[in-house]
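First the structure, in the form of structure tokens, and then the observations on it.
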Amino acid sequence: MKEFMLIFRMKDVEDFKPTPEQIQERLNWLAGIAAQNKLVDHGNSLLPFSGSAATIRAGGVVTDGPYTEIKEFIVGYVIIRAETIDEAVELVKDSPIFKLGGNVEIREVLKR
């Protein structure tokens, strides 16, 4: 079975502050994946606020935050297991992030 990282993105920093109901909905969604024995790592949230992130480029150029040149920012990740990318897509289709206007990128993990 392969592992896939789910990368969660939002367009608006204000949407990063979920309500208790939205948090519970996310936990329920993850519990459903775990019940299928497909949850590898429940992941973490990544803070999108000024002072909580930096981007370092070649030559030592540092910018505050990861979002100076992008329209969306990464708010968190989860790692799941699935036989194929299509199965991973099916597991993600019910993610509550879509109700908040966010999206999910799915990337296969290459184990070294």
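Hydrogens, waters and symmetry mates play no part in the numbers below; they use all other heavy atoms, side chains included.
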Note to self: Can a donor-acceptor pair be found, under 3.5 Å and without considering hydrogens, that links the side chain of Arg81 to the backbone of Val40?
What the structure shows: no
Notebook entry, point to check: What distance separates Leu6 CG from Tyr77 OH, expressed to the nearest 0.5 Å?
Noted result: 11.5 Å
Check: Where do Ala88 and Ala82 come nearest, in terms of heavy atoms and distance?
Finding: N-CB, 3.8 Å
Check: According to the salt bridge (charged side-chain N to carboxylate O under 4.0 Å, His left out) rule, which pairs have a member within residues 95-110, sequence neighbours left out?
Finding: Arg9-Glu105, Glu25-Lys99, Glu105-Arg107
Checklist line | Connected hydrophobic set around Leu110, excluding itself, where side chains approach under 4.5 Å | finding: none
Next item on the list: Indicate yes or no: at least one non-hydrogen side-chain atom of Leu46 is less than 4.5 angstrom from one of Val75.
Entry: no
Note to self: Test of understanding: with side chain to side chain contact (heavy atoms under 4.5 Å, CB included), list the residues that count as partners of Val61, not counting sequence neighbours.
What the structure shows: Arg57
Note to self: For the CE atom of Met10 and the CD1 atom of Ile74, what is their distance to the nearest 0.5 Å?
What the structure shows: 13.5 Å
Notebook entry, point to check: Would you call Phe4 and Val109 a side-chain contact if the rule is heavy atoms closer than 4.5 Å?
Noted result: no
Checklist line | With Lys111 via side chain to side chain contact (heavy atoms under 4.5 Å, CB included) - residues at least two apart | finding: Glu3
Checklist line | Rounded distance [0.5 Å steps], CD1 in Ile79 versus NE2 in His42 | finding: 11.0 Å
Next item on the list: Among residues two or more places apart or on two chains, list those pairs meeting salt bridge (charged side-chain N to carboxylate O under 4.0 Å, His left out) that have a residue in residues 30-45.
Entry: Lys38-Glu87
Item checked: Residue list, side-chain hydrogen bond (donor to acceptor under 3.5 Å, both in side chains) with Asp86, at least two apart or on another chain -> none
Margin query: Assigning hydrophobic clusters by single linkage (Ile, Leu, Val, Met, Phe, Trp, Tyr; side-chain heavy-atom cutoff under 4.5 Å), is Ile23 placed with Ile33?
Written below: no
Notebook entry, point to check: Excluding sequence neighbours, so at least two apart, what forms side-chain hydrogen bond (donor to acceptor under 3.5 Å, both in side chains) with Glu83?
Noted result: none
Check: Within a strict 4.5 Å, meaning less than it, do heavy atoms of the Met1 and Asn37 side chains meet?
Finding: no
Check: Side-chain heavy atoms under 4.5 angstrom apart, residues restricted to Ile, Leu, Val, Met, Phe, Trp, Tyr: same cluster for Leu27 and Leu100?
Finding: no
Item checked: For Val62, the rest of its hydrophobic cluster, which grows through side-chain links under 4.5 angstrom -> Ile56
Solution key, residues 89-98 side-chain donor-acceptor pairs under 3.5 Å, sequence neighbours excluded:
residue, atom, partner, partner atom, Å
Glu90, OE2, Lys93, NZ, 2.9
Ser95, OG, Ile97, N, 3.3

